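Report on one structure; see the data block that follows.
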Amino acid sequence: MPHAPHSPPLAFSNIEDVAVELRRRGGRFSGPRRAVLEALFAAKGPVPADEIASGLGGKLPVLELSSVYRSLEYLEEMGAVRHVHLGHGPGLYVLTGGTEREYLVCERCHEVTEVEAHQLDPLRREIRERFGHEARFSHFPIVGLCANCRS
Ligand SMILES: [Zn+2]
Ligand SMILES: [Zn+2]
């Protein structure tokens, strides 16, 4: 999968908000795009594309995987969706809703901690000052040991 350019997160609270913004930018709000958004709103957390295509395991209509990928790519370019690699598998997709989220993953128990990006800004500043590197943990998480596994 090519990676979409990182556009700012789009603020929205429901599917119609996304539809309005999509049309404002001259995009079509096609059936697959709506269906993918419905699945992401219904999902509890980040989900893989094939789970979206399966209708979250049968709860929603089944979609064609290639059109799910195309819709996800478009929605990601808009800033409505992000994908994150929380393990060795494929990327998992999640709605932004205007908030950039970053992740901490425990390499022992695989617990995932979601944080708002601004909470990691002090760490980002430290890395930038020492190495000139602008760090992001929204695409790949910070991997280490959670508080439970450390103790
Ligand atoms: Zn990726
Ligand atoms: Zn752990």
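Counting convention: from 1, in listed order, for ligands and their atoms alike. Treat the numbers as computed from the prediction; the structure is a model and nothing was measured.
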Residue list, side chain to side chain contact (heavy atoms under 4.5 Å, CB included) with Leu60, at least two apart or on another chain: Ala39, Ala42, Leu56
Sole candidate of Tyr103, Phe140, Tyr93 that passes ring pair (Phe, Tyr, Trp, His ring centres under 6.0 Å) when paired with His83: Tyr93
What distance do Glu102 atom CD and Ile142 atom CD1 have between them, rounded to the nearest 0.5 Å? 7.0 Å
Side chains of Asp121 and His118 in contact at under 4.5 Å (non-hydrogen atoms): yes
Count, waters excluded, of protein N, O or S atoms under 2.8 Å from the Zn ion (ligand 2): 4
Sequence neighbours left out, what passes side chain to side chain contact (heavy atoms under 4.5 Å, CB included) with Thr96? Give chain and number order. Pro9, Phe12, Arg82
How would you list all residue pairs meeting salt bridge (Lys or Arg N to Asp or Glu O under 4.0 Å) that involve residues 10-33, not counting sequence neighbours? Glu16-Arg34, Glu21-Arg24, Glu21-Arg25
How open is the angle at the Zn ion (ligand 1) from atom NE2 of His83 over to atom NE2 of His85, rounded to 10 degrees? 110°
